[in-house]
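Not measured: the values here are computed from a predicted model. Each chain gets a letter, A, B and so on, in the order the sequences are listed, and its residues count up from 1.
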Number of protein chains: 2
Amino acid sequence: MTTKKKGAPALPLNTILAGDCIEAMNALPEASVDLIFADPPYNLQLRGDLHRPDNSRVDAVDDEWDRFSSFSAYDDFTRAWLKAARRLLKPNGAIWVIGSYHNIFRVGAALQDQGFWILNDVVWRKSNPMPNFRGKRLTNAHETMIWAGKDESSKYTFNYEALKALNEGIQMRSDWVLPICTGHERLKDESGDKAHPTQKPESLLHRILIGSTNVGDVVLDPFFGTGTTGAVAKMLGRDFIGIEREETYREVAEKRIAMVRRLDKEALQTTTSKRAEPRVPFGQLVERGMLRPGESLYSMNNRHKAKVRADGTLIGDDVKGSIHQVGAALEGAPSCNGWTYWCFKKDGKRVPIDLLRQQIRAEMSN
Amino acid sequence: MTTKKKGAPALPLNTILAGDCIEAMNALPEASVDLIFADPPYNLQLRGDLHRPDNSRVDAVDDEWDRFSSFSAYDDFTRAWLKAARRLLKPNGAIWVIGSYHNIFRVGAALQDQGFWILNDVVWRKSNPMPNFRGKRLTNAHETMIWAGKDESSKYTFNYEALKALNEGIQMRSDWVLPICTGHERLKDESGDKAHPTQKPESLLHRILIGSTNVGDVVLDPFFGTGTTGAVAKMLGRDFIGIEREETYREVAEKRIAMVRRLDKEALQTTTSKRAEPRVPFGQLVERGMLRPGESLYSMNNRHKAKVRADGTLIGDDVKGSIHQVGAALEGAPSCNGWTYWCFKKDGKRVPIDLLRQQIRAEMSN
DNA sequence: ACGAGATATGAATCTACTA
DNA sequence: GTAGTAGATTCATATCTCG
């Protein structure tokens with residue numbers, strides 16, 4: 001399915017593009033994607049994957065030189081695909097990259113050097129990692145993800161309330177405990193072997209997409225593999241674009257995603273924040289007669305009092321101004337949310353004025 | 001105390017050197033140190049003030065030593081001190097560096113570029129991190145440590161069995177859950193303010209030194225601060241060399257370390273024992289009358305409660321099983337260390353049941 | 001003395017909109 | 001661009017205060 005968005009060139013939405021991810025990305029229109037999720041290769045032996053600049057062959061390479069040249073080649077590759085990825089992002093777009101200690105430090109430094117602004121590094125703590133059989137190191141029980149905005153000023157998407165709800169009402173932390181991909185979720189080929197060596201669990205993508213995209217957003221994955229990103233995106237009502245070089249992976253991914261059903265509207269609804277709700281000027285409460293000019297408001301802690309004026313400002317002892325300004329001044333605080341700070345009296349009881357705002361908002365949504 | 005080791009130039013063991021760490025390191029003899037632990041400035045780049053929702057101001061890390069003009073300046077600094085550090089390491093030496101997403105990717109890339117060989121990246125998962133007050137990102141709940149050998153062929157020290165014993169007989173993972181440094185452990189100045197903005201917990205250094213040094217090893221810390229590395233090294237019978245620019249930090253560290261007592265031979269042996277600590281079934285606490293059947297246990301976070309049954313299992317709301325199973329079920333976690341999760345009440349105070357196990361173990365070793 | 005409740009604080013790249 | 005202002009936002013733990 002290819003969809004045309006207002007005025008912009010066509011985006012190959014919900015398809016898997018074949019070929020090299022850098023070329024494929026450069027063929028897409030710039031500033032057209034909301035989120036990029038990338039699980040790049042990190043095996044330094046796969047030089048063919050790395051677009052290594054054609055170094056002259058030196059026979060007697062010692063280990064250190066060889067190591068340096070492979071890091072250097074990996075850096076070239078990383079910077080090339082990150083540059084192409086950044087071009088595709090909308091100004092308020094963001095990127096997630098996952099990796100291990102073999103490559104993540106190089107990826108992180110490259111992100112910073114290219115102007116991406118790191119928002120968090122997130123640790124995927126595997127609940128069932130492979131043990132270190134030889135007992136020579138610690139069990140490698142986690143992978144690292146970097147979440148970064150396109151630049152410092154990007155107004156990135158962050159569904160704080162939805163993630164908080166996912167975490168039983170407590171703010172989501174930067175360490176996520178999730179099992180690795182096994183059992184029925186792990187895709188197999190005809191001979192029963194795993195179809196892809198590093199298939200990521202859907203739970204990981206679920207949390208990423210819930211937290212940093214909205215329904216209808218476009219999510220691009222330049223190292224699509226067997227399509228976990230696409231499967232979760234489709235389920236969650238996001239559009240995806242996948243890029244994958246290997247035909248076998250593309251085939252597995254196509255079949256997999258075809259089986260996925262988009263959740264219905266109700267299931268897709270997530271907890272929203274107060275910030276997303278329409279603004280209500282305090283003056284409207286006066287205009288509508290919900291509060292009378294001259295009426296007294298009382299502070300939450302009952303220590304202060306102020307009078308409502310006809311223009312929607314307050315006047316207290318030696319202070320006048322907005323509900324927020326007067327609250328802050330009386331408390332000697334740098335700021336104050338007047339809506340939750342002030343109460344009015346109703347039948348002798350103190351009621352937060354925020355209740356009146358909620359009434360107005362309820363009427364607006366009808 | 002300055003000690004001369006066989007034939008090598010004198011090392012200023014168990015002292016704190018003043019001045020810039022690069023100069024100080026270059027003045028020391030090469031290949032003389034077993035382990036380096038470094039907690040360099042993080043280059044936080046903080047801007048305005050931050051207030052908690054209750055309007056109190058967050059005491060930010062705004063010290064002069066954490067200000068760099070650019071990533072490039074920070075990289076120059078990092079590469080310079082890493083180069084000096086690497087020169088000091090014995091061929092089989094290793095280094096630990098701790099950082100956050102602000103700097104750790106640059107540190108990791110520099111380590112790799114200079115020929116260090118990364119062994120693990122270790123995540124310190126803070127059990128009590130500072131929340132994200134504005135709800136704009138994930139709680140920054142961890143820091144990252146990189147453990148690397150001097151080079152690929154280094155026969156680094158790794159006390160596999162000791163760490164396994166510390167972890168209740170299970171292979172130690174790359175993610176460590178430890179609380180931040182607070183309470184009595186947190187050093188204060190005369191006016192009662194924290195003596196250092198970023199003091200690390202001793203538990204962190206304890207695990208590092210147990211795992212990657214032996215008794216009598218030399219541990220160098222080029223960013224000594226208030227001397228956590230020195231205090232733990234002394235306690236564990238390792239020699240330390242500290243380097244610190246700020247005189248006030250040096251003074252605090254001197255006093256602190258003077259108060260530390262080296263563990264006696266026996267205690268040292270236990271801590272680094274080759275075999276795991278003897279296993280103590282929870283039921284033994286009941287059999288011995290240390291806990292009564294019917295007695296209530298309380299979770300560490302005080303959110304859950306369960307009753308002890310005569311057979312050494314617990315029963316909570318709709319769950320029964322071992323202390324570990326019930327803890328995991330109540331927390332919705334894949335696993336749970338019941339020994340550290342559950343508390344009993346003693347004289348009204350909540351005491352971890354692990355204390356009872358320690359009592360039994362102490363008796364067993366007599 | 002003891003318990004309940006209040007207060008304090010931690011390596012933090014922590015807003016969004018209008019004029 | 002900048003300045004001003006509305007208004008949204010916290011978890012675990014240690015210590016202190018007061019009855």
Identify whether any heavy atom of [X] sits under 4.0 Å from a base atom; if not, whether one sits that close to sugar-phosphate; answer base, sugar-phosphate or nothing.
X: A:E161; answer: sugar-phosphate
X: B:T182; answer: sugar-phosphate
X: B:P201; answer: nothing
X: A:I118; answer: base
X: B:N301; answer: nothing
X: B:W124; answer: nothing
X: A:T340; answer: nothing
X: B:D62; answer: nothing
X: B:L44; answer: base

Between the side chains of B:D54 and B:R52, is the shortest nitrogen-to-carboxylate-oxygen separation below 4.0 Å, so that they form an ion pair?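 So B:R52 does not pair with B:D54 through a salt bridge.
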Is any side-chain N or O of [X] closer than 4.0 Å to OP1 or OP2 of [N]?
X: B:R303; N: D:dA12; value: yes
X: A:N337; N: D:dA8; value: yes
X: B:H184; N: D:dT15; value: yes
X: B:K126; N: D:dC11; value: no
X: A:S322; N: D:dT5; value: no
X: A:Y160; N: D:dT10; value: yes
X: A:H324; N: D:dA6; value: no

Rounded interatomic separation in angstrom, taking [atom1] from [X] and [atom2] from [N]:
X: A:N120; N: C:dA11; atom1: CG; atom2: P; result: 17 Å
X: A:D121; N: C:dA11; atom1: CG; atom2: P; result: 16 Å
X: A:I353; N: D:dA6; atom1: CD1; atom2: P; result: 12 Å
X: A:Q325; N: D:dA3; atom1: CD; atom2: C1'; result: 14 Å
X: B:E185; N: D:dT13; atom1: CD; atom2: P; result: 15 Å
X: A:K164; N: D:dT9; atom1: NZ; atom2: P; result: 8 Å
X: A:Y341; N: D:dA6; atom1: OH; atom2: C1'; result: 17 Å
X: A:M300; N: D:dG7; atom1: CE; atom2: C1'; result: 16 Å

Pairwise 5' ranking along DNA chain D for B:S127 and A:S335, keeping only the more 5' one: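 This one resolves to A:S335.
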For C:dT15, does the O4'-C1'-N9-C4 (purine) or O4'-C1'-N1-C2 (pyrimidine) torsion place it in syn, i.e. within 90° of 0, or in anti?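 Glycosidic conformation of C:dT15: anti.
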Under a 3.5 Å cut-off for both distances, is C:dA6 Watson-Crick or wobble paired, and to whom?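 Its partner is D:dT15 (Watson-Crick or G-U wobble, both distances under 3.5 Å).
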Given that both distances must come in under 3.5 Å, which nucleotide forms a Watson-Crick or G-U wobble pair with C:dA16? D:dT5
Checking B:E246 side chain against B:T248 main chain: does a donor-acceptor pair fall under 3.5 Å? no
Short side-chain to backbone donor-acceptor contact, B:T226 and B:H196, under 3.5 Å: no
Please identify each residue that fulfils side-chain hydrogen bond (donor to acceptor under 3.5 Å, both in side chains) with B:Y249, with sequence neighbours left out. B:W65
When you look at B:F68 and B:Y42, which way does the side-chain contact (heavy atoms from CB on, under 4.5 Å) test go after all the steps? CA-CA 10 Å; B:F68 295 85; B:Y42 287 8; over 6 Å; no
Ring of A:F158, cation from B:R137 - is the NZ or CZ under 6.0 Å from the centre and inside 45° of the axis?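 Pair B:R137/A:F158 does not count as cation-pi.
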For B:W96 and B:W176, take the angle between the two ring planes, folded into 0 to 90°, and tell me which bin it lands in: parallel under 30, tilted 30 to 60, perpendicular over 60.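 Rings of B:W96 and B:W176: tilted, as their planes differ by 30° to 60°.
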Could you give me the CA-CA distance, side-chain angles and deciding distance for B:Q45 and B:D66, then say whether side-chain hydrogen bond (donor to acceptor under 3.5 Å, both in side chains) is met? CA-CA 8 Å; B:Q45 307 173 261; B:D66 196 38; over 6 Å; no
Answer with yes or no whether A:R357 presents, from its side chain, a donor or acceptor under 3.5 Å of a partner atom in the base of D:dG7.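 Such a pair does not exist between side chain and base.
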With rounding to whole Å, what would you report as the distance between C:dA1 and D:dC18 at their C1' atoms?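 About 13 Å, rounded to a whole number of Å.
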Taking N or O atoms only and anything under 3.5 Å, show me the protein contacts with nucleotides 14-18 of chain C, one pair per line.
residue, atom, partner, partner atom, Å
C:dC14, O2, B:N132, OD1, 3.2
C:dC14, O2, B:R134, N, 2.4
C:dC14, N3, B:F133, N, 3.0
C:dC14, N4, B:P131, O, 3.3
C:dT15, OP2, B:R134, NH1, 3.3
C:dT15, O3', B:K136, NZ, 3.3
C:dA16, OP1, B:K136, NZ, 3.1

Donor-acceptor side-chain pairing of B:E202 and B:T228 below 3.5 angstrom: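 There is no such pair between these side chains.
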